[in-house]
Amino acid sequence: MAFFGKNKKGEPGAAPLSGEIILPRHVGIIMDGNGRWAKKRGLPRKAGHREGAQTFRTITRYCSELGIEYLTVYAFSTENWKRPADEVGALMGLFKSYLKEALEDFKDDDIVVRFIGDKAGFSPELQELMRENEESSRHRDGMVLNIAMNYGSRDEIVRAVKRICAQVQDGRLTDADVTEQLISDNLYTAGQPDPDLIIRPSGEYRISNFMLWQSAYTEFVIMNKLWPDFTKDDLNEALRIYAQRNRRYGGV
Ligand code: FPP
C-alpha cells in the first residue's frame, strides 16, 4: 500500500484527490453497462462498446498519472462468446483497431501492456497484435495494464491446477509443494499483487468470473454509472471510498 498526494497532473475535469490518501496498488475494473448506455440512446450495442473503449483509454491514462501500479480491466470474458455474432464481431473489430492505436497510445505514459486470458481463442491477427503490444511495452517501467480478454477466472484456476498436476506427475513437485502461493504463481497474474480494489460501474452486484482467487480480500466498490459515462471524478470517488475502508484480512 502506498501513500500518494494529489493527482500528479491535476487534469481539468477531475476533482483532485485532496490531501494524502491511501491509493490501492492494484485496481480492477469490470467495464459494465455499454449495452444499456446504447439502448438508452436508441443506438446499437456496438455504439456502447465504442464509447466504452474511449472511457477505457481515459481512465487507464488517469490511473497511470495517479500512480496506480497495476490496473486490470475486464474487456471480454470466456462467456461473452455467447453474445450475438454481430456484437462479438463488432467487439473483435474494436479490439483490433484499438490494439493498433494502443501501440502508440500508451508509450508516453510508459504503460506496460499485458493480456490475461486464453489468447488462442482469437484470430491470428489479434494474437499477433497482442504479442506486439506486450513485446514493445515489456521494457517500460510505468503502470502495468492487464487487459483481460477471453478471460474467465474459473478457467484460469483450472489451467493452474493442470499445470501443477503435470509437475507433480513428472516428479518436479510433490503434494507438499502445493501451497496458496504456488497456485497464485500459476495464474495469469503471477508475480503481481492481488487487487486491492475492484470497481464495478453500472450498479450490478456481481463478480462475473473475474479474479476469483485474487480477490479473496479485495475491497469492492459498486457505482451507479454506466461504463461509457464513467469519469475521472467517478474514479476519484471510488478511490476515496476505498481509502476509508478498514482492511482487516480476517484479523481484528
Ligand atoms: C460489458 O458491458 C462490456 C463488455 C462485454 C465489453 C467491454 C469492452 C470495452 C469497454 C471495449 C474496450 C476495450 C478495449 C480493451 C479496447 P455490457 O455489454 O454487458 O453492458 P450491459 O450489461 O449494459 O448490456
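Just so you know, ligand 1 is whichever comes first in the structure, and atom 1 is the first atom listed for that ligand. Position 1 is the first residue of the sequence; numbering continues from there.
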A.B. asks: Check V113, T60, D110 against M143 for a side-chain contact (heavy atoms from CB on, under 4.5 Å) and give me the one that passes.
C.D. replies: T60
A.B. asks: Identify the protein heavy atom lying closest to atom 20 (O) of ligand 1, giving its residue, its atom name and the separation to 0.1 Å.
C.D. replies: G35 N, 3.1 Å
A.B. asks: Hey, does Y74 come in under 3.5 Å of ligand 1, counting only N/O atoms on both sides?
C.D. replies: no
A.B. asks: Could you tell me whether R140 and D109 have a side-chain N and a carboxylate O separated by less than 4.0 Å?
C.D. replies: no
A.B. asks: Among protein heavy atoms, which sits nearest to atom 9 (C) of ligand 1, and what does the distance come to when rounded to 0.1 Å?
C.D. replies: N34 ND2, 3.8 Å
A.B. asks: At under 4.0 Å between heavy atoms, which part of F95 makes contact with ligand 1: side chain, backbone, both or neither?
C.D. replies: side chain
A.B. asks: Please say whether the positively charged group of R83, taken as NZ for Lys or CZ for Arg, lies over the ring of W81, i.e. under 6.0 angstrom from the six-membered ring centre and within 45 degrees of the axis.
C.D. replies: no
A.B. asks: Looking only at distances, please establish whether an N/O atom of ligand 1 is found under 3.5 Å from an N/O atom of N80.
C.D. replies: no
A.B. asks: Only heavy atoms count here, so choose which of S208, A53, S97 is nearest to atom 12 (C) of ligand 1.
C.D. replies: A53
A.B. asks: Distance under 4.0 Å to a non-hydrogen atom of G52: what atoms of ligand 1 satisfy this?
C.D. replies: 10 (C)
A.B. asks: Need the ligand 1 atom indices (1-based, order shown) with element for anything under 4.0 Å from a heavy-atom of Y98.
C.D. replies: 16 (C)
A.B. asks: Nearest to atom 7 (C) of ligand 1, what protein heavy atom do you find, and at what distance?
C.D. replies: A75 O, 3.3 Å
A.B. asks: Classify the ring geometry of F56 against F106: parallel below 30°, tilted from 30° to 60°, perpendicular beyond 60°.
C.D. replies: perpendicular
A.B. asks: Using 4.0 Å as the upper bound for N to carboxylate O, is an ion pair formed by K46 and E87?
C.D. replies: no
A.B. asks: Out of R83, M31, R36, whose heavy atom sits nearest atom 17 (P) of ligand 1?
C.D. replies: R83
A.B. asks: Under 4.0 Å, heavy-atom basis, I'd like to know which part of R45 is in contact with ligand 1: side chain, backbone, both or neither.
C.D. replies: side chain
A.B. asks: If only atom types and distance count, is the side chain of S77 paired as donor or acceptor with the main-chain N or O of E79 below 3.5 Å?
C.D. replies: yes
A.B. asks: Please work out whether the ring planes of F95 and F122 are parallel, tilted or perpendicular, with thresholds of 30° and 60°.
C.D. replies: perpendicular
A.B. asks: Quick check on contacts: which atoms of ligand 1 are under 4.0 angstrom from a heavy atom of H49?
C.D. replies: 4 (C), 6 (C), 11 (C), 18 (O)
A.B. asks: Taking the basic N atoms (NZ, or NE/NH1/NH2) and the acidic carboxylate oxygens, is any pair closer than 4.0 Å for E204 and R36?
C.D. replies: yes
